[in-house]
A.B. asks: 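Below you will find the structure I want to go over with you.
Residue numbers run from 1 in the order of the sequence given.
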Amino acid sequence: MTVSASSAKVLSGSANREKIGRVELRHGGRARGGSYLYEGNRLPPLVTGWHSHDLHQIQYAIGGVVEVETAAAHYLLPPQQAAWIPVGLEHQATMNPDVRSVAVMFDPELLPPVDKRMRIVAVSPLIRQMMIYALRWPIDRADSDPVSDGFFHTLGHLVFEALEHEAPLSLPTSTNPIVAAAMSYTKAHLASVTAVDVSRAVAVSERTLRRKFDEAIGMPWRTYLLHARMLRAMALLAAPGQSVQQTATAVGFDSLSAFTRAFAQFCGQTPSAYRQGTNDVVRE
């Protein structure tokens, strides 16, 4: 999600389904591609409200963590990853404190047809450097030129190829009120939550809770809990000064070795390696 300083107040709001509508990113300009640098440093976090864009967008987190929700899933965007948000997809973003991100927008004519599905992808060094270079062409400039058109055409096709390698950085959502409430409670109590706690909170039996999760999202509650813990751990490890031990405790692991095994299985690298990698990205 891209916001300008002038639109931040308009887009800030509660985490409910506030409708913003279609956002015109070019502000009347005719550029076929462009960029925007978002630097948050806001408390509380900025919650955009539900909206869509008139352009395709790829957003890369330089520092901090961005959360994006669509009707289908709740996504996490930590450093080293990028969010692909196609034109017309309704979504809501939460820009957590200290977020710095680069967003690059593309006119749909610059890319082959794509489905209206959000994806999280790992960013190659080449795409990262091109996205940063793209900051010389703001999206709200008056018009395009042959040099910028060629640049964004090339970058767009590199991004299009990267979409084939999607990262598993999302949690499912549900319209079932019991399941949705259980998900919310689970995410709010990751340090100590149990199935008994959640069942009591949503006033159903444990058996009913498990059945409703399977029916609604095809995933057991315990798998949902594990994924929620891993995504929260990734977000925490991206914060400066956050230790692996602190992170393990915050997401409900008494054993550091158990946390390390679970994290490595989920992310493909150890918590320490992931933490080092995100810190390297932030320092660039």
Side-chain angles (χ1 to χ4, degrees), residues 1-13 15-40 45-62 65-77 81-96 99-121 123 127 130-131 134-135 137-144 148-149 151-153 155-160 162-163 166 169-170 173:
M1 163 58 200
T2 300
V3 293
S4 65
S6 61
S7 63
K9 291 183 179 179
V10 175
L11 292 178
S12 61
N16 59 17
R17 292 193 67 89
E18 178 188 358
K19 296 288 187 176
I20 302 298
R22 181 66 66 93
V23 174
E24 168 58 60
L25 295 172
R26 285 178 280 201
H27 301 292
R30 297 182 299 172
R32 302 184 70 197
S35 63
Y36 183 77
L37 174 66
Y38 177 85
E39 297 183 281
L46 171 66
V47 181
T48 65
W50 288 83
H51 65 287
S52 61
H53 298 150
D54 60 321
L55 300 169
H56 295 311
Q57 175 177 322
I58 186 81
Q59 179 161 334
Y60 173 65
I62 300 175
V65 175
V66 180
E67 297 179 48
V68 184
E69 185 178 359
T70 69
H74 186 151
Y75 298 85
L76 176 80
L77 179 58
Q81 310 291 331
W84 167 257
I85 306 175
V87 60
L89 177 66
E90 190 177 61
H91 62 285
Q92 175 171 267
T94 299
M95 313 296 280
N96 289 306
V99 163
R100 294 181 67 242
S101 68
V102 175
V104 177
M105 284 66 74
F106 306 92
D107 189 292
E109 294 182 359
L110 289 176
L111 293 174
V114 294
D115 57 30
K116 289 188 177 182
R117 182 169 65 90
M118 181 172 164
R119 304 178 217 184
I120 304 294
V121 296
V123 173
I127 291 178
M130 290 184 73
M131 291 185 71
L135 288 171
W137 291 295
I139 188 56
D140 58 357
R141 67 193 189 281
D143 211 339
S144 290
S148 65
D149 281 352
F151 177 87
F152 286 107
H153 182 269
L155 175 56
H157 279 266
L158 289 173
V159 169
F160 188 80
L163 295 180
E166 190 171 355
L169 299 179
S170 65
T173 59

A.B. asks: When you measure from the side chain of H53 to the backbone N and O of V23, does any donor-acceptor pair fall under 3.5 Å?
C.D. replies: no
A.B. asks: How would you list, by chain and number, every residue that makes a side-chain contact (heavy atoms from CB on, under 4.5 Å) with A73, sequence neighbours excluded?
C.D. replies: Y75, S170
A.B. asks: Name all residues meeting the salt bridge (Lys or Arg N to Asp or Glu O under 4.0 Å) criterion together with D140; count only those two or more places apart in sequence or in a different chain, and write none if there are none.
C.D. replies: none
A.B. asks: Check whether any side-chain heavy atom of S35 lies under 4.5 Å from a side-chain heavy atom of I139, and answer yes or no.
C.D. replies: no
A.B. asks: Show the nearest heavy-atom pair for residues A61 and S101, with the distance to one decimal.
C.D. replies: CA-CB, 4.1 Å
A.B. asks: To the closest 0.5 Å, what do you measure between NE2 (H56) and CG (L89)?
C.D. replies: 11.0 Å
A.B. asks: Mind checking whether V114 and W84 have side chains closer than 4.5 Å, heavy atoms only?
C.D. replies: yes
A.B. asks: Donor-acceptor check, side chain of S144 to backbone of D149, threshold 3.5 angstrom: yes or no?
C.D. replies: no
A.B. asks: Roughly how far apart are M118 CE and H91 NE2, rounded to 0.5 Å?
C.D. replies: 7.5 Å
A.B. asks: Under the side-chain contact (heavy atoms from CB on, under 4.5 Å) rule, collect the residues that match up with P112, sequence neighbours excluded.
C.D. replies: H157, F160
A.B. asks: For M130 and F151, work out which heavy atoms get closest and say how close.
C.D. replies: O-CZ, 3.2 Å
A.B. asks: Less than 4.5 Å apart, side chain to side chain, heavy atoms only: is that true for V102 and L37?
C.D. replies: yes
A.B. asks: Tell me every residue that passes side-chain contact (heavy atoms from CB on, under 4.5 Å) with D115, counting only those two or more places apart in sequence or in another chain.
C.D. replies: R117, R119
A.B. asks: Less than 4.5 Å apart, side chain to side chain, heavy atoms only: is that true for L25 and Q57?
C.D. replies: yes
A.B. asks: Do R22 and E24 have side-chain heavy atoms sitting under 4.5 Å apart?
C.D. replies: no
A.B. asks: Heavy atoms only: give me the nearest P108-D54 pair and the separation to one decimal.
C.D. replies: CD-O, 4.3 Å
A.B. asks: With sequence neighbours left out, write down each residue that passes side-chain contact (heavy atoms from CB on, under 4.5 Å) with V121, or none if nothing qualifies.
C.D. replies: I58, A82, L163
A.B. asks: Give, for atom NE2 of H74 and atom CD of E69, the distance between the pair rounded to the nearest 0.5 Å.
C.D. replies: 6.0 Å
A.B. asks: Any chance you could measure L55, atom CG, to I85, atom CD1, to the nearest 0.5 Å?
C.D. replies: 12.0 Å
A.B. asks: Quick one: ring-ring contact (aromatic ring centres under 6.0 Å, His included) partners of F152, sequence neighbours excluded?
C.D. replies: W137
A.B. asks: From H27 NE2 over to R141 CZ, what is the distance, rounded to the nearest 0.5 angstrom?
C.D. replies: 13.0 Å
A.B. asks: If you apply the rule side-chain contact (heavy atoms from CB on, under 4.5 Å), what do you find for M131 with V159, and how did you get there?
C.D. replies: CA-CA 10 Å; M131 291 185 71; V159 169; 5.8 Å; no
A.B. asks: Distance from H153 atom NE2 to E109 atom CD, nearest 0.5 Å?
C.D. replies: 11.0 Å
